[in-house]
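A short worksheet on the structure shown next.
Everything numeric here is computed off the predicted structure, so don't read it as measured data. First listed ligand is number 1; within each ligand, the first listed atom is number 1.
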Amino acid sequence: MSLTGRTIILGVTGGIAAYKAAELCRLLVKAGADVRVAMTEAACRFVTPLTFQALSGKPVLTSLWADGSPDGMAHIQASRDADLILVAPASADFLARLAHGRADDLLATLCLARACPLAVAPAMNRAMWAAPATRRNLAQLAADGVHLLGPAAGEQACGEVGLGRMLEPAEILASLADRFGRGPLAGKRVLVTAGPTFEPIDPVRGLTNRSSGKMGYAVAAAAREAGAEVTLVSGSTCLPTPADVRRIDVETAAEMRAAVLAELPSDVFIAVAAVADYRPDAAAAHKLKKSEAGLKLDLVPNPDILAEVAARPDAPFCVGFAAETERLAEHAEAKRRRKKLPLLVGNLAQDTLGQDTAELVLFDDAGRHSLPRADKQTQARALIRHLATLLD
Ligand code: CTP
(Lines give C-alpha, C1' and ligand atoms only; values in the text may rest on other atoms or scores of the structure.)
Protein backbone atom coordinates (compact mmCIF):
# COMPACT_ATOMS: atom_id res chain seq x y z
CA MET A 1 0.00 0.00 0.00
CA SER A 2 1.21 3.45 -0.80
CA LEU A 3 1.88 6.61 1.20
CA THR A 4 1.95 8.73 -1.95
CA GLY A 5 0.22 12.04 -1.47
CA ARG A 6 -0.31 11.54 2.28
CA THR A 7 0.51 14.52 4.49
CA ILE A 8 2.58 13.27 7.40
CA ILE A 9 3.88 15.21 10.39
CA LEU A 10 7.08 13.54 11.54
CA GLY A 11 7.60 14.37 15.21
CA VAL A 12 11.14 13.95 16.51
CA THR A 13 11.80 13.89 20.27
CA GLY A 14 15.01 13.89 22.28
CA GLY A 15 16.97 10.66 22.13
CA ILE A 16 19.96 9.30 20.34
CA ALA A 17 17.64 7.53 17.87
CA ALA A 18 16.81 11.04 16.55
CA TYR A 19 19.65 10.53 14.05
CA LYS A 20 17.70 7.62 12.56
CA ALA A 21 14.69 9.92 12.10
CA ALA A 22 16.68 11.69 9.38
CA GLU A 23 16.77 8.47 7.34
CA LEU A 24 13.08 7.92 8.13
CA CYS A 25 12.31 11.40 6.83
CA ARG A 26 14.18 10.64 3.61
CA LEU A 27 12.31 7.34 3.13
CA LEU A 28 8.92 8.99 3.71
CA VAL A 29 9.68 11.68 1.16
CA LYS A 30 10.90 9.02 -1.28
CA ALA A 31 7.64 7.13 -0.77
CA GLY A 32 5.78 10.19 -2.05
CA ALA A 33 4.55 11.54 1.30
CA ASP A 34 4.33 15.24 1.98
CA VAL A 35 6.44 15.44 5.15
CA ARG A 36 6.42 18.22 7.71
CA VAL A 37 8.90 17.79 10.57
CA ALA A 38 8.23 18.98 14.14
CA MET A 39 11.04 18.72 16.68
CA THR A 40 11.08 19.09 20.43
CA GLU A 41 13.72 21.24 22.06
CA ALA A 42 15.56 18.13 23.24
CA ALA A 43 15.54 16.67 19.72
CA CYS A 44 17.32 19.80 18.45
CA ARG A 45 20.19 18.96 20.80
CA PHE A 46 20.74 15.66 19.00
CA VAL A 47 20.15 16.67 15.36
CA THR A 48 19.79 20.15 13.89
CA PRO A 49 16.53 21.30 12.30
CA LEU A 50 18.57 22.13 9.21
CA THR A 51 19.07 18.42 8.53
CA PHE A 52 15.33 17.84 8.47
CA GLN A 53 14.66 21.01 6.53
CA ALA A 54 17.03 19.82 3.81
CA LEU A 55 15.49 16.34 3.75
CA SER A 56 11.83 17.41 3.84
CA GLY A 57 12.26 20.55 1.76
CA LYS A 58 10.17 22.52 4.28
CA PRO A 59 10.83 24.68 7.33
CA VAL A 60 10.90 22.63 10.52
CA LEU A 61 8.39 23.37 13.29
CA THR A 62 10.19 23.76 16.59
CA SER A 63 8.39 26.24 18.79
CA LEU A 64 4.87 27.23 19.71
CA TRP A 65 6.01 30.82 19.85
CA ALA A 66 7.85 31.18 16.52
CA ASP A 67 4.69 30.82 14.56
CA GLY A 68 4.67 32.72 11.29
CA SER A 69 1.03 32.23 10.29
CA PRO A 70 -1.19 35.31 10.05
CA ASP A 71 -3.75 33.96 12.52
CA GLY A 72 -1.13 32.66 14.94
CA MET A 73 -2.67 29.18 14.80
CA ALA A 74 -0.15 27.39 12.60
CA HIS A 75 0.00 24.41 14.94
CA ILE A 76 -3.75 23.83 14.78
CA GLN A 77 -3.70 24.21 10.98
CA ALA A 78 -0.69 21.91 10.54
CA SER A 79 -2.41 19.31 12.68
CA ARG A 80 -5.70 19.65 10.76
CA ASP A 81 -3.95 19.27 7.40
CA ALA A 82 -2.17 16.06 8.35
CA ASP A 83 -3.31 12.57 7.37
CA LEU A 84 -1.07 11.12 10.05
CA ILE A 85 1.28 12.17 12.85
CA LEU A 86 4.23 9.86 13.42
CA VAL A 87 6.48 10.47 16.42
CA ALA A 88 9.80 8.68 15.92
CA PRO A 89 11.69 8.43 18.13
CA ALA A 90 9.15 8.85 20.92
CA SER A 91 10.99 9.26 24.22
CA ALA A 92 9.65 8.05 27.57
CA ASP A 93 9.10 11.65 28.56
CA PHE A 94 7.16 12.42 25.41
CA LEU A 95 4.94 9.34 25.85
CA ALA A 96 4.22 10.47 29.41
CA ARG A 97 3.26 13.95 28.22
CA LEU A 98 1.11 12.46 25.46
CA ALA A 99 -0.67 10.12 27.87
CA HIS A 100 -1.58 13.09 30.05
CA GLY A 101 -2.79 15.26 27.17
CA ARG A 102 -0.14 17.91 27.82
CA ALA A 103 0.30 20.72 25.30
CA ASP A 104 3.51 22.12 26.71
CA ASP A 105 5.46 22.28 23.48
CA LEU A 106 4.68 22.44 19.79
CA LEU A 107 4.79 18.71 19.05
CA ALA A 108 2.61 17.79 22.05
CA THR A 109 0.15 20.49 20.98
CA LEU A 110 0.04 19.15 17.42
CA CYS A 111 -0.73 15.70 18.82
CA LEU A 112 -3.45 17.00 21.13
CA ALA A 113 -5.10 19.10 18.40
CA ARG A 114 -5.01 16.35 15.79
CA ALA A 115 -7.96 15.01 13.84
CA CYS A 116 -5.88 12.22 12.28
CA PRO A 117 -4.28 8.94 13.45
CA LEU A 118 -1.19 9.14 15.66
CA ALA A 119 1.58 6.53 15.60
CA VAL A 120 4.56 6.44 17.95
CA ALA A 121 7.83 4.54 17.61
CA PRO A 122 9.29 4.49 21.15
CA ALA A 123 13.01 4.57 21.81
CA MET A 124 14.43 4.43 25.31
CA ASN A 125 16.61 2.52 27.71
CA ARG A 126 15.20 -0.94 28.58
CA ALA A 127 14.67 -0.05 32.24
CA MET A 128 12.69 3.04 31.29
CA TRP A 129 10.64 0.93 28.87
CA ALA A 130 9.89 -1.61 31.61
CA ALA A 131 9.15 1.00 34.31
CA PRO A 132 5.61 0.83 35.73
CA ALA A 133 4.97 4.46 34.84
CA THR A 134 5.84 3.83 31.17
CA ARG A 135 3.60 0.73 31.19
CA ARG A 136 0.73 2.81 32.53
CA ASN A 137 1.30 5.53 29.95
CA LEU A 138 1.37 3.00 27.10
CA ALA A 139 -1.84 1.36 28.30
CA GLN A 140 -3.48 4.80 28.33
CA LEU A 141 -2.18 5.59 24.85
CA ALA A 142 -3.45 2.25 23.52
CA ALA A 143 -6.86 3.00 25.05
CA ASP A 144 -6.77 6.41 23.33
CA GLY A 145 -6.27 4.69 19.96
CA VAL A 146 -2.60 5.64 19.50
CA HIS A 147 -0.74 3.19 17.24
CA LEU A 148 2.39 1.69 18.73
CA LEU A 149 5.24 0.76 16.36
CA GLY A 150 7.86 -1.32 18.17
CA PRO A 151 10.16 -1.00 19.99
CA ALA A 152 12.65 -3.72 19.08
CA ALA A 153 15.05 -5.58 21.33
CA GLY A 154 18.80 -5.32 20.92
CA GLU A 155 21.92 -3.44 21.87
CA GLN A 156 21.25 0.06 23.16
CA ALA A 157 23.28 3.26 22.94
CA CYS A 158 23.93 3.04 26.69
CA GLY A 159 25.57 -0.37 26.18
CA GLU A 160 22.73 -2.35 27.76
CA VAL A 161 20.80 -5.00 25.85
CA GLY A 162 17.02 -5.27 25.90
CA LEU A 163 13.69 -3.97 24.66
CA GLY A 164 13.47 -0.27 23.87
CA ARG A 165 15.37 0.23 20.64
CA MET A 166 13.53 2.18 17.95
CA LEU A 167 12.45 0.10 14.94
CA GLU A 168 14.65 0.60 11.90
CA PRO A 169 13.37 3.36 9.57
CA ALA A 170 12.53 0.84 6.83
CA GLU A 171 10.49 -1.23 9.31
CA ILE A 172 8.59 1.87 10.43
CA LEU A 173 7.89 2.78 6.81
CA ALA A 174 6.58 -0.72 6.00
CA SER A 175 4.36 -0.71 9.04
CA LEU A 176 2.97 2.74 8.20
CA ALA A 177 2.26 1.77 4.63
CA ASP A 178 0.40 -1.32 5.87
CA ARG A 179 -1.69 0.57 8.35
CA PHE A 180 -2.20 3.94 6.72
CA GLY A 181 -1.39 3.57 3.04
CA ARG A 182 -4.24 3.95 0.60
CA GLY A 183 -6.07 0.64 0.83
CA PRO A 184 -8.74 -0.93 -1.36
CA LEU A 185 -11.50 0.84 0.61
CA ALA A 186 -9.89 4.31 0.63
CA GLY A 187 -12.55 7.00 0.29
CA LYS A 188 -15.39 4.62 1.23
CA ARG A 189 -17.69 4.99 4.22
CA VAL A 190 -18.29 1.71 6.00
CA LEU A 191 -20.92 1.22 8.69
CA VAL A 192 -20.66 -1.85 10.93
CA THR A 193 -22.97 -3.18 13.66
CA ALA A 194 -21.51 -5.43 16.34
CA GLY A 195 -22.24 -7.15 19.62
CA PRO A 196 -25.49 -8.19 21.24
CA THR A 197 -28.59 -6.10 21.84
CA PHE A 198 -30.20 -5.91 25.27
CA GLU A 199 -33.97 -5.72 25.48
CA PRO A 200 -35.16 -4.58 28.92
CA ILE A 201 -37.79 -6.53 30.85
CA ASP A 202 -37.67 -4.16 33.81
CA PRO A 203 -35.06 -1.67 35.08
CA VAL A 204 -32.69 -4.45 36.19
CA ARG A 205 -33.34 -7.34 33.80
CA GLY A 206 -33.40 -7.93 30.10
CA LEU A 207 -33.08 -10.33 27.18
CA THR A 208 -29.71 -10.57 25.49
CA ASN A 209 -27.47 -13.16 23.82
CA ARG A 210 -23.94 -14.50 23.96
CA SER A 211 -22.39 -12.39 21.21
CA SER A 212 -19.02 -10.99 22.37
CA GLY A 213 -18.73 -8.44 19.56
CA LYS A 214 -15.26 -9.77 18.64
CA MET A 215 -16.11 -10.48 14.99
CA GLY A 216 -17.80 -7.11 14.44
CA TYR A 217 -14.90 -5.25 16.02
CA ALA A 218 -12.42 -7.23 13.91
CA VAL A 219 -14.42 -6.35 10.77
CA ALA A 220 -14.45 -2.66 11.73
CA ALA A 221 -10.66 -2.72 12.31
CA ALA A 222 -10.05 -4.53 8.99
CA ALA A 223 -12.21 -2.04 7.08
CA ARG A 224 -10.25 0.82 8.68
CA GLU A 225 -6.96 -0.86 7.79
CA ALA A 226 -8.23 -1.08 4.20
CA GLY A 227 -8.54 2.71 4.22
CA ALA A 228 -12.27 3.15 4.86
CA GLU A 229 -13.84 5.71 7.16
CA VAL A 230 -15.52 3.40 9.65
CA THR A 231 -18.42 3.87 12.05
CA LEU A 232 -19.16 1.06 14.49
CA VAL A 233 -22.60 0.87 16.07
CA SER A 234 -22.07 -1.40 19.02
CA GLY A 235 -24.19 -3.19 21.58
CA SER A 236 -22.68 -3.66 25.01
CA THR A 237 -19.23 -5.35 24.87
CA CYS A 238 -16.01 -5.34 26.88
CA LEU A 239 -13.85 -4.60 23.84
CA PRO A 240 -11.66 -1.55 23.19
CA THR A 241 -12.65 0.59 20.20
CA PRO A 242 -10.42 -0.24 17.21
CA ALA A 243 -8.01 2.59 16.38
CA ASP A 244 -9.48 5.40 14.23
CA VAL A 245 -12.95 3.90 14.26
CA ARG A 246 -15.88 6.06 15.36
CA ARG A 247 -18.01 4.10 17.81
CA ILE A 248 -21.62 4.71 18.77
CA ASP A 249 -22.85 2.71 21.77
CA VAL A 250 -26.40 1.43 21.82
CA GLU A 251 -28.36 -1.01 23.94
CA THR A 252 -31.58 -2.09 22.26
CA ALA A 253 -32.37 -3.12 18.69
CA ALA A 254 -34.50 0.03 18.34
CA GLU A 255 -31.52 2.20 19.36
CA MET A 256 -29.27 0.27 16.98
CA ARG A 257 -31.73 0.80 14.12
CA ALA A 258 -31.98 4.54 14.84
CA ALA A 259 -28.18 4.91 15.02
CA VAL A 260 -27.70 3.01 11.75
CA LEU A 261 -30.36 4.99 9.87
CA ALA A 262 -28.85 8.26 11.13
CA GLU A 263 -25.46 7.22 9.65
CA LEU A 264 -26.79 6.62 6.13
CA PRO A 265 -25.90 7.13 3.34
CA SER A 266 -22.90 4.86 3.45
CA ASP A 267 -21.03 2.92 0.78
CA VAL A 268 -21.04 -0.35 2.70
CA PHE A 269 -23.14 -1.71 5.56
CA ILE A 270 -21.86 -4.79 7.38
CA ALA A 271 -24.37 -6.15 9.90
CA VAL A 272 -22.44 -8.33 12.31
CA ALA A 273 -24.55 -7.58 15.40
CA ALA A 274 -26.56 -10.34 16.98
CA VAL A 275 -29.79 -8.37 17.09
CA ALA A 276 -32.50 -9.84 19.31
CA ASP A 277 -35.37 -10.97 17.09
CA TYR A 278 -37.91 -10.11 19.83
CA ARG A 279 -38.28 -7.67 22.70
CA PRO A 280 -40.69 -7.57 25.64
CA ASP A 281 -43.81 -5.75 24.51
CA ALA A 282 -43.41 -3.16 27.27
CA ALA A 283 -40.60 -2.96 29.81
CA ALA A 284 -41.94 -2.69 33.38
CA ALA A 285 -41.25 0.70 34.94
CA HIS A 286 -40.35 -0.91 38.28
CA LYS A 287 -38.50 -4.07 39.21
CA LEU A 288 -40.80 -7.09 38.85
CA LYS A 289 -41.39 -8.95 42.09
CA LYS A 290 -41.11 -12.72 42.18
CA SER A 291 -44.42 -14.56 42.21
CA GLU A 292 -45.43 -18.20 42.71
CA ALA A 293 -47.66 -17.83 39.67
CA GLY A 294 -44.57 -17.54 37.44
CA LEU A 295 -44.09 -14.91 34.78
CA LYS A 296 -45.21 -14.74 31.19
CA LEU A 297 -43.51 -12.28 28.88
CA ASP A 298 -45.24 -10.97 25.78
CA LEU A 299 -42.60 -10.62 23.07
CA VAL A 300 -42.99 -8.57 19.91
CA PRO A 301 -40.70 -8.74 16.87
CA ASN A 302 -37.87 -6.25 16.53
CA PRO A 303 -37.29 -4.45 13.24
CA ASP A 304 -34.84 -6.24 10.93
CA ILE A 305 -32.20 -3.53 10.53
CA LEU A 306 -30.28 -5.23 7.73
CA ALA A 307 -33.38 -6.04 5.66
CA GLU A 308 -34.60 -2.46 6.07
CA VAL A 309 -31.29 -0.94 5.00
CA ALA A 310 -30.93 -3.35 2.05
CA ALA A 311 -34.44 -2.45 0.81
CA ARG A 312 -33.79 1.31 0.66
CA PRO A 313 -33.48 2.98 -2.74
CA ASP A 314 -30.07 4.35 -1.64
CA ALA A 315 -29.00 1.00 -0.16
CA PRO A 316 -25.30 0.62 0.54
CA PHE A 317 -23.50 -2.59 -0.46
CA CYS A 318 -24.98 -4.79 2.29
CA VAL A 319 -23.22 -7.67 4.00
CA GLY A 320 -25.09 -9.95 6.40
CA PHE A 321 -23.92 -12.53 8.88
CA ALA A 322 -25.77 -15.74 9.51
CA ALA A 323 -25.02 -17.77 12.60
CA GLU A 324 -26.72 -21.12 12.15
CA THR A 325 -26.59 -24.25 14.26
CA GLU A 326 -27.27 -26.66 11.35
CA ARG A 327 -27.60 -26.86 7.53
CA LEU A 328 -25.48 -23.73 7.15
CA ALA A 329 -25.44 -23.44 3.34
CA GLU A 330 -29.16 -23.96 2.93
CA HIS A 331 -30.16 -21.43 5.63
CA ALA A 332 -27.52 -18.93 4.61
CA GLU A 333 -28.50 -18.89 0.93
CA ALA A 334 -32.18 -18.55 1.87
CA LYS A 335 -31.35 -15.64 4.19
CA ARG A 336 -29.24 -13.97 1.51
CA ARG A 337 -32.12 -14.10 -0.99
CA ARG A 338 -34.75 -13.06 1.56
CA LYS A 339 -32.79 -10.00 2.68
CA LYS A 340 -31.54 -9.29 -0.89
CA LEU A 341 -27.87 -9.21 0.04
CA PRO A 342 -24.95 -9.27 -2.40
CA LEU A 343 -22.79 -10.96 0.25
CA LEU A 344 -23.57 -13.08 3.29
CA VAL A 345 -21.09 -14.56 5.75
CA GLY A 346 -22.14 -17.86 7.26
CA ASN A 347 -20.78 -19.59 10.32
CA LEU A 348 -21.82 -22.31 12.70
CA ALA A 349 -22.91 -20.48 15.85
CA GLN A 350 -21.74 -23.15 18.27
CA ASP A 351 -18.20 -23.01 16.79
CA THR A 352 -17.92 -19.24 16.77
CA LEU A 353 -19.79 -17.46 19.58
CA GLY A 354 -17.39 -15.92 22.07
CA GLN A 355 -14.42 -17.75 20.51
CA ASP A 356 -11.25 -16.09 19.23
CA THR A 357 -11.28 -18.09 16.00
CA ALA A 358 -13.93 -18.74 13.37
CA GLU A 359 -14.51 -20.85 10.27
CA LEU A 360 -16.51 -18.86 7.74
CA VAL A 361 -18.20 -19.41 4.40
CA LEU A 362 -18.88 -16.44 2.12
CA PHE A 363 -21.97 -16.66 -0.10
CA ASP A 364 -22.31 -14.30 -3.07
CA ASP A 365 -23.67 -14.35 -6.63
CA ALA A 366 -20.62 -16.28 -7.80
CA GLY A 367 -21.10 -19.07 -5.27
CA ARG A 368 -19.34 -20.09 -2.07
CA HIS A 369 -15.89 -19.31 -0.71
CA SER A 370 -14.63 -21.08 2.39
CA LEU A 371 -12.34 -19.35 4.87
CA PRO A 372 -10.76 -22.12 6.92
CA ARG A 373 -10.58 -21.66 10.69
CA ALA A 374 -8.34 -18.76 11.71
CA ASP A 375 -8.38 -15.96 14.26
CA LYS A 376 -11.17 -13.45 13.80
CA GLN A 377 -8.88 -10.59 12.72
CA THR A 378 -7.44 -12.74 9.91
CA GLN A 379 -10.97 -13.75 8.85
CA ALA A 380 -12.14 -10.14 8.96
CA ARG A 381 -9.26 -9.06 6.68
CA ALA A 382 -10.08 -11.85 4.22
CA LEU A 383 -13.73 -10.82 4.24
CA ILE A 384 -12.82 -7.17 3.58
CA ARG A 385 -10.49 -8.18 0.73
CA HIS A 386 -13.31 -10.22 -0.82
CA LEU A 387 -15.79 -7.39 -0.34
CA ALA A 388 -13.38 -4.92 -1.99
CA THR A 389 -13.15 -7.12 -5.10
CA LEU A 390 -16.97 -7.31 -5.31
CA LEU A 391 -17.24 -3.52 -4.92
CA ASP A 392 -14.80 -3.05 -7.78
N1 CTP B 1 -30.07 -8.54 11.65
C2 CTP B 1 -30.46 -7.21 11.77
N3 CTP B 1 -31.59 -6.90 12.48
C4 CTP B 1 -32.32 -7.85 13.08
C5 CTP B 1 -31.93 -9.21 12.96
C6 CTP B 1 -30.80 -9.51 12.24
O7 CTP B 1 -29.80 -6.34 11.22
N8 CTP B 1 -33.40 -7.52 13.77
C9 CTP B 1 -28.90 -8.89 10.84
C10 CTP B 1 -27.77 -9.48 11.61
O11 CTP B 1 -26.86 -8.49 12.03
C12 CTP B 1 -27.16 -10.44 10.60
C13 CTP B 1 -28.31 -10.89 9.76
O14 CTP B 1 -29.31 -9.88 9.94
O15 CTP B 1 -26.28 -9.79 9.72
C16 CTP B 1 -28.83 -12.27 10.07
O17 CTP B 1 -29.52 -12.31 11.26
P18 CTP B 1 -30.32 -13.59 11.77
O19 CTP B 1 -30.91 -13.23 13.09
O20 CTP B 1 -29.45 -14.79 11.72
O21 CTP B 1 -31.40 -13.75 10.64
P22 CTP B 1 -32.92 -13.90 10.73
O23 CTP B 1 -33.41 -13.36 9.44
O24 CTP B 1 -33.44 -13.27 11.98
O25 CTP B 1 -33.14 -15.48 10.74
P26 CTP B 1 -33.22 -16.53 11.94
O27 CTP B 1 -33.14 -15.78 13.24
O28 CTP B 1 -34.49 -17.20 11.72
O29 CTP B 1 -32.04 -17.42 11.72
I'd like to know if [X] and [Y] make a salt bridge, using a cut-off of under 4.0 Å between side-chain N and carboxylate O.
X      : Y      : result
Arg97  : Asp105 : yes
Glu23  : Lys20  : no
Asp365 : Arg336 : yes
Asp249 : Arg247 : yes

Does any N or O in the side chain of Asp364 come within less than 3.5 Å of the main-chain N or O of Ala366, such that one atom is a donor and the other an acceptor?
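Yes; at least one donor-acceptor contact below 3.5 Å.
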Would you say the side chains of Thr51 and Tyr19 form a donor-acceptor pair under 3.5 Å?
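No.
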Pairs of nitrogen or oxygen atoms, one from ligand 1 and one from the protein, closer than 3.5 Å: please tabulate them with distances.
unit_1, atom_1, unit_2, atom_2, d
ligand 1, 3 (N), Ile305, N, 3.0
ligand 1, 7 (O), Leu306, N, 2.9
ligand 1, 8 (N), Pro303, O, 2.8
ligand 1, 11 (O), Ala271, O, 3.3
ligand 1, 11 (O), Ala273, O, 2.7
ligand 1, 14 (O), Lys339, NZ, 2.7
ligand 1, 15 (O), Ala271, O, 2.6
ligand 1, 15 (O), Phe321, N, 2.8
ligand 1, 15 (O), Phe321, O, 3.3
ligand 1, 20 (O), Lys335, NZ, 2.6
ligand 1, 21 (O), Lys335, NZ, 3.1
ligand 1, 23 (O), Arg338, NH1, 3.2
ligand 1, 23 (O), Lys339, NZ, 3.3
ligand 1, 24 (O), Asp277, OD1, 3.3
ligand 1, 25 (O), Lys335, NZ, 3.3
ligand 1, 27 (O), Asp277, OD2, 3.1
ligand 1, 29 (O), Lys335, NZ, 2.9

